[in-house]
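The structure appears below as structure tokens.
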Amino acid sequence: MTLPSLTPPTFDDVAAAAHRLHGMAHRTPVLRSTSADEMLGAQLFFKCENLQRTGAFKFRGAFNALAQFTDEQRERGVLAFSAGNHAQAIALSARLLDMPALIVMPEDAPASKMAATREYGAQVVTYNRYTEDREAISRRLALERGMTLVPPFDHPHVIAGQGTSALEFFEDVPDLDYLFVCVGGGGLLAGSLLAAEARAPQCRVVGVEPAAGNDGQQSVRAGHVVRIPTPHTIADGAQTQALGDLTFPIIQRLADDMVTATDEALVEALRFFAERMKIVVEPTGALAFAGARHGTVDVRGARVGIMISGGNVDLSRYARFLAD
Ligand SMILES: *Cc1c(COP(=O)(O)O)cnc(C)c1O
């Protein structure tokens with residue numbers, strides 16, 4: 001069983017998601033940094049989804065989707081495939097809504113993400129991300145167990161939930177000139193774009209991908225979804241092969257630009273966050289800042305929103321990034 005609705009989400013869905021999430025998700029803080037302002041010659045605002053429940057914005061989309069299950073779906077439970085943060089988000093949402101959860105994860109997913117998923121009470125099944133097709137495995141398991149599959153980005157309820165972070169951002173920081181958002185499958189970016197179109201039409205929204213896998217940039221240029229091999233990058237939350245059928249048209253229509261950031265720039269950003277801002281950010285979570293700092297968009301003199309998407313990183317891996 002998959003979630004039935006494939007109607008493209010609208011801003012009304014983002015607003016409805018914000019109501020559903022009220023009191024369930026954290027309204028994450030927006031941080032400032034004088035050093036960052038000086039470095040970029042701009043006014044920077046950092047929306048800290050690394051401080052969201054389960055450590056990433058994914059809780060927003062997951063809870064919004066599960067909260068709309070029918071009684072029968074609730075009873076059979078939810079199935080998800082994920083490199084980590086979607087898994088934790090589904091696992092916690094399922095526990096809060098009292099339903100079973102089964103998560104299909106790559107066997108090389110960060111140990112902390114796998115452990116956290118199990119701790120939230122979900123069952124975990126692993127696969128090899130370079131040789132096996134996670135979608136096929138997930139579909140088979142969903143069919144066998146009658147569970148409802150909630151994809152990590154390409155579903156209207158997920159996209160709408162992810163958009164609530166940008167919605168809060170625009171409420172808390174009016175008159176942003178730019179918003180930089182990291183891109184994997186494009187759920188966070190698509191939701192942010194819907195929020196921007198309705199609430200901050202003056203704000204130019206820029207997607208940031210790992211340099212190792214700029215499928216989104218290629219797709220927007222080509223006018224259709226371009227699929228690439230799984231990119232090798234430290235940004236494990238953005239190791240996607242393609243944008244989704246629902247996220248792509250929204251990104252194509254509303255994104256102002258797509259830029260990339262190298263792994264080297266991500267490490268530099270992680271160090272900056274640790275040293276200057278005292279916050280733990282995972283490599284994927286640093287994409288937006290690295291893109292604003294090293295990308296092709298001239299942000300000097302502007303009010304710039306940076307979406308920090310998550311902070312889940314194995315401590316030993318994190319220590320290596322800081323020490324290198
Ligand atoms: C999932 C994830 C992303 C990518 O989000 P999409 O909606 O797939 O584009 C970025 N950062 C973090 C921390 C994530 O967990």
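Throughout, residue positions are numbered sequentially from 1 according to the sequence presented. Indexing begins at 1, ligand by ligand and atom by atom, following the structure's order.
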* To do: Quick one: which residue pairs count as a ring pair (Phe, Tyr, Trp, His ring centres under 6.0 Å) with a foot in residues 202-227, not counting sequence neighbours?
  => none

Test of ring centre spacing under 6.0 Å for [X] and [Y]:
| X | Y | answer |
| --- | --- | --- |
| Phe289 | Phe46 | yes |
| Tyr130 | His232 | yes |
| Tyr127 | Phe81 | no |

* Any residue meeting side-chain contact (heavy atoms from CB on, under 4.5 Å) with Arg303, in chain and number order, not counting sequence neighbours -> Gln43, Phe45, Val173, Asp175, Leu176, Asp177

Short N or O separations between ligand 1 and the protein, below 3.5 Å:
unit_1	atom_1	unit_2	atom_2	d
ligand 1	7 (O)	Gly187	N	2.9
ligand 1	7 (O)	Leu188	N	2.9
ligand 1	8 (O)	Gly185	N	2.8
ligand 1	9 (O)	Gly184	N	2.7
ligand 1	9 (O)	Gly185	N	3.2
ligand 1	9 (O)	Gly186	N	2.7
ligand 1	11 (N)	Ser309	OG	2.6
ligand 1	15 (O)	Lys58	NZ	2.7
ligand 1	15 (O)	Asn85	ND2	2.8

* His26: ring pair (Phe, Tyr, Trp, His ring centres under 6.0 Å) partners, not counting sequence neighbours -> none

